[in-house]
Colleague: 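One structure coming up, written as structure tokens, with questions to follow.
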There are 4 protein chains.
Amino acid sequence: MIKVGIVGGTGYTGVELLRILVNHPGVELCVITSRSEAGTPVADMYPNLRGHTELKFTVPDTATLGACDVVFFATPHGVAHSLAAEILATGTRVIDLSADFRIQDADEWEAWYGQPHGARELLPEAVYGLPEVKRDDIRTARLLAVPGCYPTSVQLGYLPLLENNLLPEQTLIADCKSGVSGAGRGAKVGSLLCETSESVMAYGVAGHRHLPEIRQGLAWFAGKPVSLTFVPHLMPMVRGIHSTLYAFAPDLDASVDLQTLYEERYVNEPFVDVMPAGSHPATRSVKGSNMCRIAVHHHADTGQIVVLSVIDNLVKGASGQAVQNMNLMFGLDETAGLNHVALMP
Amino acid sequence: MIKVGIVGGTGYTGVELLRILVNHPGVELCVITSRSEAGTPVADMYPNLRGHTELKFTVPDTATLGACDVVFFATPHGVAHSLAAEILATGTRVIDLSADFRIQDADEWEAWYGQPHGARELLPEAVYGLPEVKRDDIRTARLLAVPGCYPTSVQLGYLPLLENNLLPEQTLIADCKSGVSGAGRGAKVGSLLCETSESVMAYGVAGHRHLPEIRQGLAWFAGKPVSLTFVPHLMPMVRGIHSTLYAFAPDLDASVDLQTLYEERYVNEPFVDVMPAGSHPATRSVKGSNMCRIAVHHHADTGQIVVLSVIDNLVKGASGQAVQNMNLMFGLDETAGLNHVALMP
Amino acid sequence: MIKVGIVGGTGYTGVELLRILVNHPGVELCVITSRSEAGTPVADMYPNLRGHTELKFTVPDTATLGACDVVFFATPHGVAHSLAAEILATGTRVIDLSADFRIQDADEWEAWYGQPHGARELLPEAVYGLPEVKRDDIRTARLLAVPGCYPTSVQLGYLPLLENNLLPEQTLIADCKSGVSGAGRGAKVGSLLCETSESVMAYGVAGHRHLPEIRQGLAWFAGKPVSLTFVPHLMPMVRGIHSTLYAFAPDLDASVDLQTLYEERYVNEPFVDVMPAGSHPATRSVKGSNMCRIAVHHHADTGQIVVLSVIDNLVKGASGQAVQNMNLMFGLDETAGLNHVALMP
Amino acid sequence: MIKVGIVGGTGYTGVELLRILVNHPGVELCVITSRSEAGTPVADMYPNLRGHTELKFTVPDTATLGACDVVFFATPHGVAHSLAAEILATGTRVIDLSADFRIQDADEWEAWYGQPHGARELLPEAVYGLPEVKRDDIRTARLLAVPGCYPTSVQLGYLPLLENNLLPEQTLIADCKSGVSGAGRGAKVGSLLCETSESVMAYGVAGHRHLPEIRQGLAWFAGKPVSLTFVPHLMPMVRGIHSTLYAFAPDLDASVDLQTLYEERYVNEPFVDVMPAGSHPATRSVKGSNMCRIAVHHHADTGQIVVLSVIDNLVKGASGQAVQNMNLMFGLDETAGLNHVALMP
């Protein structure tokens, strides 16, 4: 049994990690930390966990965390920078769900996150945990950066096109729709039910922190910089991201069958489901599951390829993908503990 | 592995059965029927099941169904009456999620359901599948009637009070709130999002079909008829029932500790969770899980006992309880396949 | 034109007052105050008001407010106590939407609100602004206390029964369901969309601040103290209160026609609509309007009378009723500015 | 007072017309028709109208309708074709909310709507009722086609760019999000709360009936055909359309100030509100109102202009715009009866 610790477990990615891990066949949950809630049983804060765990929040402590095989960070940005090195020094591996190690260019990270990067020396060994692209690196990673929610859905949607160099212009538009849980459990007016239900709005049109992360991934796939317009929107629901991805390919070779291209690229991926041609995946089809469902459409008249990519932002977009990475890092079945069927309805 | 068939799997209780059974460790899903969808892969109708099952809907056929160890009926009322006898005659056991065998008094059934009872001869052996009350009968049942959603939450909430004869007046009020999935997947104007969201309303105040079923159970517990006022309400959400149960007990003996009474009654029940004193269980704490969470309050000044009882109407109120019964009927661990943690958020 | 000021206009009752008053034919909006938002145009905070008002928030100032004919307080509890006397001293009338002057017994107010009552000397002249009961007093009031949202719906629902002395036992149960806007615009975790949507829960079962206010009103109607059990519930929606009211009347005289009783009591009330016999009013039928819709049911078998009473908590439960009172106080048509048709769907 | 009739008033655009017209100062509602509901009081179907109208549904009758000054058609596609000529022949003007007269090319209409065009001879005089573009034609129209919901929000969003010839490439992408009320009040599984809430999905990616209508308008503005990719999405809410409009303008002249361009274009428009630079309009800011709010963003690095355009699909996208057109046709104040402030929250 892998001994697992969680740092910062009071937020939505923290409780979602717990939901997955308490039923994981290869894991022993040893410690979960929260300074503000130290002493409180986890199940008092999250009654869905009553009967599933007796764990209490504790103050973070390197010795205790270092006794684990792996520690998940479900902390706000900037926290993992300082703590990760201490944990790694004990020989314990680290899986960070925050943005702290996702962007390889520390200067760019600082520009977008508005604070000094606290662990530049660790960046060279940080592995970007998108298994569909980095599986081999992940297996041996000591420090793993779990991709963001928007980046996961956008990158998986564009991957086959960019890898195959089908977009000479590379002027991409990602119109993304997210549920409110992406904003976290913080007490903010903008996340109140009375402010977000029965309404749709864009936000961060001038610039969003996930843009550099997405661009970094797309450039890896294409082998060169990629121009992307990214517009996130807030949806009146709890979970789910729907990315509508546009790629202008007016001169696409008639011999290219996009449906086959996508199906072949992902045929062996346990958590990417290429839907039949003409499909419109709904976010509810992945609610609570680690699946990314993708459909690809082609408008021959306008030259636009339209890719629809849906995930649960808290699962494949965060905690589920973190566990998928853990499974790879420890040689478990990649799908262990991740067989949830989405709740429909 | 228990061979399982499902009759009428296109509705919400059908797909919920599938969600649970595809991950059940002791079950082999053999057949699922639907006349209207025969030939369609289940996962085409319910894409959350893509990758979890290759089953296709077939036309119901006694031979095929009779080759199963157990057949679930997830059909509209009246259908199981005619088919169940055929299936039972093959030696296959039947678990009926409809109301067809819940009420022992066939005349009363006919009065409420407005049609002739098609299987009066089977009623004597039909077992009411509330494990917290009928566990021993369930183990040996050939024909099992899964309790309704409202009846499950109301009966579990009143059970300790009535069993202990604490309510001499027995003038009970059950004010129940249900999500829209209780109305099924039928195309009805009254179930449209535009008719039900952002609104609350009572319905069936003059009489609801679950009333005789609830009264039957309460009378069993009390050993005599019980007077009940039952008012169901429609909530703007998909899943969940919240029953607020009132019991007037002005002369309650001061020595009775209701919290202890409830805790002791349910201490060994895997799917009833008595919350700490003063709690207010939310339906989301059981969303997708088979748990019933209960809190008991006492207003000494008015003499009212107030019991709060929440379930997921599609799980403990239907398909989860059906599987719990199956586990008992076949000698499996009662909780097999039912360890889901509720989705929060 | 009546000159109107608003103290504390940043909350939901404040913006709702503005929504109503900017289209009121007899009102000139002169000032709206907020210390925290001083200088900000109201329409910057509430873009629905763009084009309807150029007002900016200002720091509260007695001279400016005293130049108005009437000042609405849409402030947290305790604020109006200290300011109202100053405003009244200038000859300006005060309509308080908070709870500060609703309860005539200052000791009881202090017990429930946990702070000293700051204006006991004003209580004798404070008028409880339920027009259906206090219309004449309202016309001449200098200081008006707008009833709370739950109290409005519950009191209007029980009024005909208590006035006619039909409930000898007077053991009443009010099971009330409210949208989240009742919790205000404060940044609280408990009001987040991710905490409140797709869920129902009771709260304050042990005691809620609206209980003494409701009991005060019911005792007025009955001419004696009334025993009431009040259980509020949080609904996954923005607006609306649905009160399901139970009254045990086992010996109700067969000559009493409850439907007629209600219709006659409210026949001249512009904002109480007694629905036809057998109705189930939905909260959406009053969304955005000042109407209270009521249906009365009688269960002869159990002796329970069941009254269904719905309002929009922000309109008839707060700002609309405040304007209705203003209309009465200034001799305007009682319905002026309040002709909104509820949004359906 | 203008005498008004409505044909087909049982759907959501019908009841929304009623909501607006019962409070319109210059209108007398004379008749509303529905074959299926003939004899039923409108307020029985839509209780929000109780107290606002005594009208009953009647069977459509040319004589009665012909006695009106204007008749609104709120019918399914194809119905107005046959009836409109009869009504027009009586001298009564017609405002059609369906798609029957929106597209000038009858062949294209037939291709998209899959039925013969029933009134080709009327097309030359049919006026497309987008007041911001066709105001003068509208004033004298006998037969008016109210624009569709998506087309209204998309056309108003692109109008200033195309009129000023700022998009040489004219490869446009309209990513549109709509509430479920756009699907109407029909009893369809796809519109159930349990199928649409807590989920987002695209639909009609291969082609949607509003595409030719949008293209027709954009071509008028540009003076030449325009290439458009249109992807509609279904949102888990009742009302509102959010159109996110992309226009690739890599060589935009630095002297062009888009904010000023938009503000000047719409400065005199009562129902188009250009938000301050950097804004993100939410659909709730127009819920229940006839306003279209627009914000324009420019990504200089990628060359993309991003326009955000929100309307209430049932008001500016249907019934409100219909009344705006009526006001123009009869020489009333264009805003008469349309001063609603959006409900927030």
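Keep in mind it's a predicted model, so treat the numbers as computed, not measured. Letters go in sequence order (proteins before strands), and every chain restarts at 1.
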Colleague: State, to 0.1 Å, how close D:Val238 and B:Ser197 come at their nearest heavy-atom pair, and which atoms those are.
Modeller: CG2-OG, 3.2 Å
Colleague: Would you mind telling me which of B:Arg185, B:Met237, B:Lys188 has the largest number of heavy-atom pairs within less than 4.5 Å of chain D?
Modeller: B:Arg185
Colleague: Below 4.5 Å from any heavy atom of chain D, which atoms of B:Glu195 appear? Answer side chain, backbone, both or neither.
Modeller: both
Colleague: To the closest 0.5 Å, what do you measure between CG (B:Leu193) and CD (D:Glu198)?
Modeller: 11.0 Å
Colleague: Please say whether more than 12 non-hydrogen atoms of neighbouring residues, nucleotides or ligands are located less than 6.0 Å from CD in D:Gln115.
Modeller: yes
Colleague: Apply side chain to side chain contact (heavy atoms under 4.5 Å, CB included) to B:Leu192 and D:Leu192, showing your working.
Modeller: CA-CA 4 Å; B:Leu192 297 178; D:Leu192 298 178; 4.2 Å; yes
